[in-house]
Amino acid sequence: METMKRTVTCGELRAGRAGQTVVLNGWVHRKRDHGGITFINLRDRYGVTQVVVDTKTTVAAHVTAPDLDAVAAELRNEYCIAVEGVVRLRPEEMANPSMPTGAVETLATKIVILNRSDMLPFQIDDEINAGEDLRLTYRYLDMRSKSMQRRIKLRSDVTFAAREFMINQGFYEIETPTFIKPTPEGARDYLVPSRLYAGKFYALPQSPQLYKQLLMAGGFDKYFQIARCYRDEDSRGDRQPEFTQIDIEMSFVSRDDVLSITERLMGHVFMKTLDIALPERFKRLTWKEAQEKYGSDKPDLRFGMELRDFAPYAEAGGFQAFKDALAGGGGVKALVAPGGADYSRKRIEELEAHAKIYKAKGMAWMKVAGGAGHEAKLEGGVAKFFTTNAGDIIAGLEANAGDLILIVADAKRKIANTALGAVRAKLGKDLRLVDPRAFEFVWIVDFPLFEFNEEENHWEAAHHLFSYPQEQYHDILEGDPGAVLGDLYDLVLNGYELASGSIRVHDPELQKRIFSIAGIAAEEAERKFGFLTNAFKYGAPPHGGIAPGLDRLVMLMAGETSIKEVIAFPKNSFAVSPMDECPCEVEQKQLDELHMVVRTP
Ligand code: ASP
């Protein structure tokens, strides 16, 4: 190998290198035979370059090893080879301007096969055309594709840029343990049985939450970590059993300090890796505004189509179901679908079915027909109930002739908002209102601190138990938990929750009150979180933080819709790795050592 070690990569040869002898190492991407002359596209992660085997050419004939033709004949796709040769300009008509190396080719004088390849399960192309499980079974081949190479490089660049920014801002990167006491983030823990202590378990961290707070108690006032987190929940496109966060915590800060450092972090990462300038400050919406305008706490702001309050028109109109919803303290919300007047009944039913997934009982509609302004009128659906105030409705909703008005009423205002918000999101995609290259960040602030768990009939933390209730609510915490807003914030990008964070509780007494409202008895709180509340007794500083998800960030930057596309070795949608077949059974001896008995269903 020594003499056949690469002197150049497959991506770097240009016209200026003509005449030089080089050694290339890489994979046979494509091979073509043209009557005694063989063309090989040789590939590595830097690019593709053309190699020519032409033993009749004088230069080559002069130095050719006798078996060059035989070796060239044996080559198949994905053979790993070393080529020694002389770079030459391609004749003008043979140059390939679409290839960065397309002005030249390397006339081979020697080829060594470093390793042969079996028949491939799929062709290595820019984009792999195969099902997910096949791609994951052969991930090491899948990742030879140009698109995977580009995405994994982007991930490395983003991670580096994030580290660079944080370190330059005076943060320390500190590792926190992977075997811990459970940290509740609202998901199920992955557990690791202890061999030394029968019946005891470590948990894998759902996030480094408690440990980063302890670092604040320890005086490390600016912490970050590219942290692996583990949550045992059903996988989805943007979820995996293990994922990575850019975990951040700071002492002596207010909410705006955390938002600002995150905005600057994003700005640095986007500029450094995509050459995109983000606004210095991101838009902000309160949680309530987000619900009312977009029916979601993670709205996609790449398009408008805000939800409107239909209540005033419902009161004046004659449709009883709307009035009933309002009388019950609920809401009636409307959405204008631009150009929707020509939707078929079937299409409208599909949209209604979508609203029903989000618990709407139904969705009313009417079409805006006729000319512009005063000429416009309402038709179809529930229009007949609104003949007297049609003009007000059209003007108030800023609807135009040719639009479709969709209305959801519910005795629970939240359902009217959420269901119509889901229809808005669907229409945004269906109508291609979203620019796939746009990045619209928005902060959602002022979340409720508690949510009522209907199934278990108790209040629980909306984010996690350690978030700070805004000062003005401290007196009513126990009296009216549902009204309490927390110092909580989410960063949303293009309809995805990119980061969550909060200012934390640092007063042990306040922390105890929150545990108690969330139904965690003093004894249980002490057992589970005593190590944190004890730390707070020794002058713990006020602190807060946030944790942007690295996988989602890279996914969105790469224009993908699944985080699997930006993780080197992800699990499939069933939390299985088809390549190494995990999870898998273990040997009886291991179970015995762990004091475990497996009960098969
Ligand atoms: N630990 C939180 C989470 O993973 C983020 C934070 O509050 O900093 O969502």
Side-chain angles (χ1 to χ4, degrees), residues 162 166 171 173-178 180-190 203-217 220-233 236 238-251 253-263 265-266 287 297-298 443-451 460-470 485-493 496-506 511 514 518 528-529 532 541-553 563:
M166 298 310 285
F171 285 73
E173 179 163 16
I174 307 176
E175 287 163 282
T176 51
T178 338
I180 63 162
K181 214 171 160 145
T183 51
E185 300 275 352
R188 218 173 278 120
D189 282 319
Y190 278 103
L204 303 183
Q206 292 185 32
S207 85
Q209 185 61 36
L210 300 189
Y211 297 85
K212 66 175 170 175
Q213 293 192 243
L214 290 165
L215 287 171
M216 297 303 112
F220 290 111
D221 64 346
K222 289 175 168 187
Y223 143 93
F224 87 103
Q225 180 183 193
I226 307 293
R228 196 57 77 83
C229 308
Y230 307 86
R231 296 184 190 177
D232 187 359
E233 46 194 1
R236 282 195 240 144
D238 59 348
R239 292 217 175 140
Q240 278 274 301
E242 50 182 313
F243 60 95
T244 308
Q245 286 183 343
I246 309 172
D247 197 39
I248 298 172
E249 196 75 10
M250 302 155 84
S251 294
V253 287
S254 66
R255 175 186 80 181
D256 284 359
D257 297 313
V258 182
L259 302 199
S260 163
I261 198 88
T262 312
E263 285 163 349
L265 165 67
M266 291 298 146
W287 176 82
D297 54 11
K298 36 180 189 295
W443 286 109
I444 311 295
V445 298
D446 297 342
F447 279 79
L449 191 69
F450 298 107
E451 259 167 16
E460 60 189 16
H463 178 41
H464 52 54
L465 288 160
F466 314 104
S467 299
Y468 193 70
Q470 293 180 10
L485 298 184
D487 237 338
L488 303 177
Y489 31 83
D490 274 6
L491 181 59
V492 172
L493 173 57
Y496 286 86
E497 180 193 308
L498 192 59
S500 291
S502 59
I503 296 299
R504 326 293 184 189
V505 177
H506 65 279
Q511 186 67 70
I514 291 176
K528 284 190 174 158
F529 313 113
L532 182 74
H543 57 284
I546 189 160
L550 181 70
D551 313 274
R552 278 190 201 169
L553 176 62
I563 59 171

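In listed order, ligands and their atoms are each counted from 1. Note that this is a predicted model, so its numbers are computed, not measured. Note that the numbering runs from 1 along the sequence shown for the chain.
- At a threshold of 4.0 Å, the pair R239-E233 counts as salt-bridged, since one of the basic side-chain nitrogens sits closer than that to a carboxylate oxygen.
- At least one side-chain heavy atom of Y211 sits under 4.5 Å from a side-chain heavy atom of P177.
- For a heavy-atom separation below 4.0 Å, the residues in contact with ligand 1 are E185, S207, Q209, K212, R231, Q245, H463, H464, S500, G501, R504, G545, I546, A547.
- Remark: D247 engages K212 in a salt bridge, criterion side-chain N to carboxylate O under 4.0 Å.
- Checked for salt-bridge contact, D189 and K181 miss the test: no charged N lies under 4.0 Å from a carboxylate O.
- Under the 4.5 Å side-chain criterion, counting only non-hydrogen atoms from C-beta, D487 is not in contact with S502.
- A salt bridge does not link R231 to E242: none of the charged side-chain nitrogens sits closer than 4.0 Å to a carboxylate oxygen.
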